[in-house]
Amino acid sequence: MVALVDSMTGDHPARPCLVLSNDPNAGGLVRAAERGIATAAVDHRPFRGDRPAFEAELMKPLLAAEPDIICLAGFMRVLTAGFVAHWQGRMLNIHPSLLPKYKGLHTHARALEAGDSEHGCTVHEVTPALDDGPILGQARVPVLPGDTPEVLAARVLEQEHRLYPAVLRRFAADDRTPVFLG
Ligand code: NHR
């Protein structure tokens, strides 16, 4: 998130208008506020499985901010088809695998378990099906001897911080040509 907001300066076609979290204690809210960006939080926990009710609360600050693009970054709540439809073609996610490999959770452990020699991250459009939308960019990293899921995750995260700003810059300029790094 910080890599994204810090990239939006100078001739960048976008500016951050809101940082929204499902965790009121998320450190990113402080880091956004320090940068003068509007913030909001909607705790998902009181909604307990009523995803539409949670999403109705998410919609309030979003509709007020009127974003042209939404970037999910570490957002871990599955979004319903209704929510996704509202932001169709305007919502991006970064997922820590070389999609279509390893949709869902625990991607680093799964790549190690499979004995993969490379791993990475993917930026994709958010569609109703999880981690399934059109691919807008990918960055690859090697898997090295002795890697643990944590060590591998850190190597991927460095690339996430390069890839997501590169994809957003293109996407905000209406260019959906995929970005491939590494
Ligand atoms: N929603 C839709 N409709 N489509 C996508 O592609 C989405 C999405 C919501 C989040 C991010 C994704 C990731 O990159 C994302 C993509 C969470 C889960 C999950 O199972 C799955 C994929 C992603 C994020 N969440 C559990 C849930 O019940 C909670 C898991 C937890 O809290 O640890 O929502 O990884």
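Atoms considered below: every heavy atom in the structure, side chains included; atoms not considered: hydrogens, waters and symmetry mates. Because the structure is predicted, anything quoted here is derived from the model rather than measured. Counting from 1, the numbers follow the sequence of the chain as shown. Whatever order the structure lists ligands and atoms in, that order sets their numbers, starting from 1.
Of all the atoms in ligand 1, the ones that sit under 4.0 Å from a non-hydrogen atom of Val78 are 9 (C), 18 (C), 19 (C), 20 (O), 25 (N), 27 (C), 34 (O). Close approach of ligand 1 to Phe75 (heavy-atom distance below 4.0 Å) involves ligand atoms 10 (C), 11 (C), 24 (C). Those atoms of ligand 1 with a heavy atom of Thr127 less than 4.0 angstrom away are 2 (C), 3 (N), 4 (N), 5 (C). Every atom of ligand 1 with a heavy atom of Val84 under 4.0 Å away is listed here by number and element: 3 (N). Interface atoms of ligand 1 facing Val126, defined by a heavy-atom separation under 4.0 Å, are 2 (C), 4 (N), 5 (C).
When side chains are defined from C-beta on, Val78 counts as touching Leu130, because their heavy atoms get closer than 4.5 Å.
Only the side chain of His124 comes within contact range of ligand 1, with a heavy atom under 4.0 Å; no backbone atom does. Counting heavy atoms closer than 4.0 Å to ligand 1, residue Ile94 contributes backbone atoms (N, CA, C, O) but none from C-beta onward. Heavy atoms of Ala129 found under 4.0 angstrom from ligand 1 belong exclusively to the backbone.
Residue Asn93 has at least one N or O atom closer than 3.5 Å to an N or O atom of ligand 1.
In this structure a side-chain-to-backbone donor-acceptor pair under 3.5 Å is missing from Glu118 to Val143. Between the Glu55 side chain and the Thr80 main chain, a donor and an acceptor come within less than 3.5 Å of each other.
With salt bridges taken as basic N to acidic carboxylate O contacts below 4.0 Å, one links Arg155 and Asp147. Under a 4.0 Å N-O distance rule, the pair Arg90/Asp68 does not qualify as a salt bridge. A salt bridge links Asp11 with Arg169: the closest approach of a Lys/Arg side-chain nitrogen to an acidic carboxylate oxygen falls below 4.0 angstrom.
The shortest heavy-atom contact between Leu92 and Leu136 is CD2-CD1, 3.3 Å. Contact between Val19 and Ala32 at its shortest, heavy atoms only, is CG2-CB, 3.6 Å.
The single protein non-hydrogen atom nearest to atom 3 (N) of ligand 1 is Leu79 O, 2.8 Å, given as residue, atom name and distance. Summary of contacts: the protein heavy atom closest to atom 8 (C) of ligand 1 is Leu130 CD2, 3.6 Å. Nearest to atom 32 (O) of ligand 1 among the protein's heavy atoms is Arg77 NH1, 3.4 Å.
Going from atom CG of Leu20 over to atom NZ of Lys60 covers 13.0 Å, rounded to the nearest 0.5 Å. Note that CZ of Arg31 is 14.5 Å distant from OG1 of Thr39, once rounded to the nearest 0.5 Å.
Considering only non-hydrogen atoms, atom 16 (C) of ligand 1 lies nearest to Asp131 out of Asp131, Leu99, Thr80. Distances from atom 31 (C) of ligand 1 to the heavy atoms of His44, His95, Met76, Glu125 put Met76 nearest.
Residue-ligand proximity: Pro128 is placed with a non-hydrogen atom under 4.0 Å from ligand 1. Judged by the shortest distance from any of its heavy atoms, Thr107 lies outside the 4.0 Å radius around the atoms of ligand 1. Taking a 4.0 Å cut-off on heavy atoms, Arg51 registers as neighbouring ligand 1.
Note: His95 and His124 have perpendicular aromatic rings, judged against thresholds of 30 and 60 degrees for the angle between ring planes.
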